[in-house]
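A short worksheet on the structure shown next.
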Amino acid sequence: MQFDSVNYETHGTTALITFNEPDKLNALSTGIRSGFCKALDQARHDDDIRVIIVTGAGDKSFCAGADISGFEFTPSYAKNFIDEVLDILALAEQINKPVIAAVNGYAFGGGFELSIACDFIIASEQAKFAVPEIQLGLLPGFAIARLNKLIGRQQAKYLSMTGTKLSAEEAKDLGLILKVVPHEQLLTQAFALADELASKPQMAIRYAKSIYNRELGGDELTYAKDVMPFLFLDDDTKEGVTAFREKRKPIFK
Ligand code: COA
């Protein structure tokens, strides 16, 4: 099945959701955003599906984050964009079935955030993780809301204030991900974990997810929705985004 730019397959009790715009590194285009929502909805309502795997098409990228080519610098665009993207990034936390991110390459920006919203991350040894928004004058609102608890305040601030890129092993050392596997075994290992989860009593699995996720809170995301749109009105952001589009280094004020 195809939902916009997202492929959807079922394999027994597992749904495999694949972002499918590899030429654009599976950045969160309109087609990937809408397709992801529809695919998750399909999995949510299919009683035969117990576990969901999310991955990216191609060898290079899981998801390179928000679609920078579509950015505009008006208050209404910024507010709508931030509201929509933060809601989409939180979807994997909210669905009542376990979600595994099988990270096949770049998990940058929104791709990083989408992966940490999943219950488990299995990464190819080729995977790279970063929240590089600072280079655009922006911030990773969802990651900022979640990273304190995941990796501690020091590392969280360091990653989001510098945009430092992590290898899969470095991400594992920080406790961001469950395991690193050889690239060609990524989906096999993700399906093995899915089968293991699917073999357990499902009511207990779903309660476990909701009990763990209760502590995520909600205030930080609401705050991010309120303040992040202002970043789009800053001259340094216009420069950062323009520089990315022109494939040059930004010159910040
Ligand atoms: N939005 C839109 N297009 C993107 C994109 C994004 N987030 N990330 C990559 N692309 C596009 C590039 O513009 C390029 O398109 P082109 O072939 O038409 O020129 C294509 O995907 C390949 O990317 P490229 O930068 O050439 O690949 P690379 O291997 O040299 O670098 C990255 C890969 C991920 C390091 C680099 O693309 C990058 O930094 N992307 C932006 C990540 C980011 O800042 N995300 C957060 C956004 S808020």
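Just so we're clear, the structure is a prediction, and the values are computed from it rather than from any experiment. Start at 1 and go down the list; that is how both ligands and their atoms are numbered.
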Q. Taking atom types as modelled and ignoring hydrogens, do the side chains of N7 and Q2 form a donor-acceptor contact shorter than 3.5 angstrom?
A. yes
Do K247 and ligand 1 have an N or O pair less than 3.5 Å apart?
-> yes
Notebook entry, point to check: If you measure from each heavy atom of K128 to ligand 1, is any distance below 4.0 Å?
Noted result: no
In terms of heavy-atom contacts, F232 and E72 come closest through CD2-O, 3.4 Å
Check: Can you check whether G109 has an N/O within less than 3.5 Å of an N/O in ligand 1?
Finding: no
Notebook entry, point to check: Can E84 and R33 be counted as an ion pair, charged N to O under 4.0 angstrom?
Noted result: yes
D23 heavy atoms within 4.0 Å reach ligand 1 at atoms 20 (C), 21 (O)
A student checking ligand 1 against Y106 at a 4.0 Å heavy-atom cut-off should list atoms 29 (O), 33 (C), 34 (C)
Are any of the protein's heavy atoms under 4.0 angstrom from atom 30 (O) of ligand 1, yes or no? no
Please determine if D41 and K38 form a salt bridge, counting it only when a charged side-chain N lies under 4.0 Å from a carboxylate O. no
N-O pairing of D87 and K225 below 4.0 Å = yes
Near L136 (heavy-atom distance under 4.0 Å), the atoms of ligand 1 are 44 (O), 47 (C), 48 (S)
Of all heavy-atom pairs linking L178 and K172, the shortest is O-CE, 3.5 Å
The protein heavy atom nearest to atom 34 (C) of ligand 1 is F108 CD2, 3.7 Å
field: F71 N/O to ligand 1 N/O under 3.5 Å
entry: no
Self-check item: Any N/O pair E133/ligand 1 closer than 3.5 Å
Solution: no
Practice prompt. Fit a plane to each ring of F112 and F129, take the angle between them on a 0 to 90° scale, and name the class: parallel (under 30°), tilted (30 to 60°) or perpendicular (over 60°).
Written response: perpendicular
_Would A27 count as being in polar contact with ligand 1, using the rule that some N or O on each side must be under 3.5 angstrom apart?_
no
d(L138 CG, D234 CG) to nearest 0.5 Å is 9.0 Å
Heavy-atom proximity to atom 43 (C) of ligand 1 ranks first, among P132, S69, G65, for P132
Q. Is it true that K128 and E170 make a salt bridge, defined as a side-chain N closer than 4.0 Å to a carboxylate O?
A. no
Within 4.0 Å of some non-hydrogen atom of K60, the atoms of ligand 1 are 27 (O), 28 (P), 29 (O)
(message) Could you check whether atom 17 (O) of ligand 1 has a protein contact, counting only heavy atoms that fall below 4.0 angstrom?
(response) no
Nearest protein heavy atom under 4.0 Å from atom 7 (N) of ligand 1, yes or no: yes
Quick note on ligand 1: atoms under 4.0 Å from a heavy atom of A66 include exactly 1 (N), 6 (C), 7 (N), 47 (C), 48 (S)
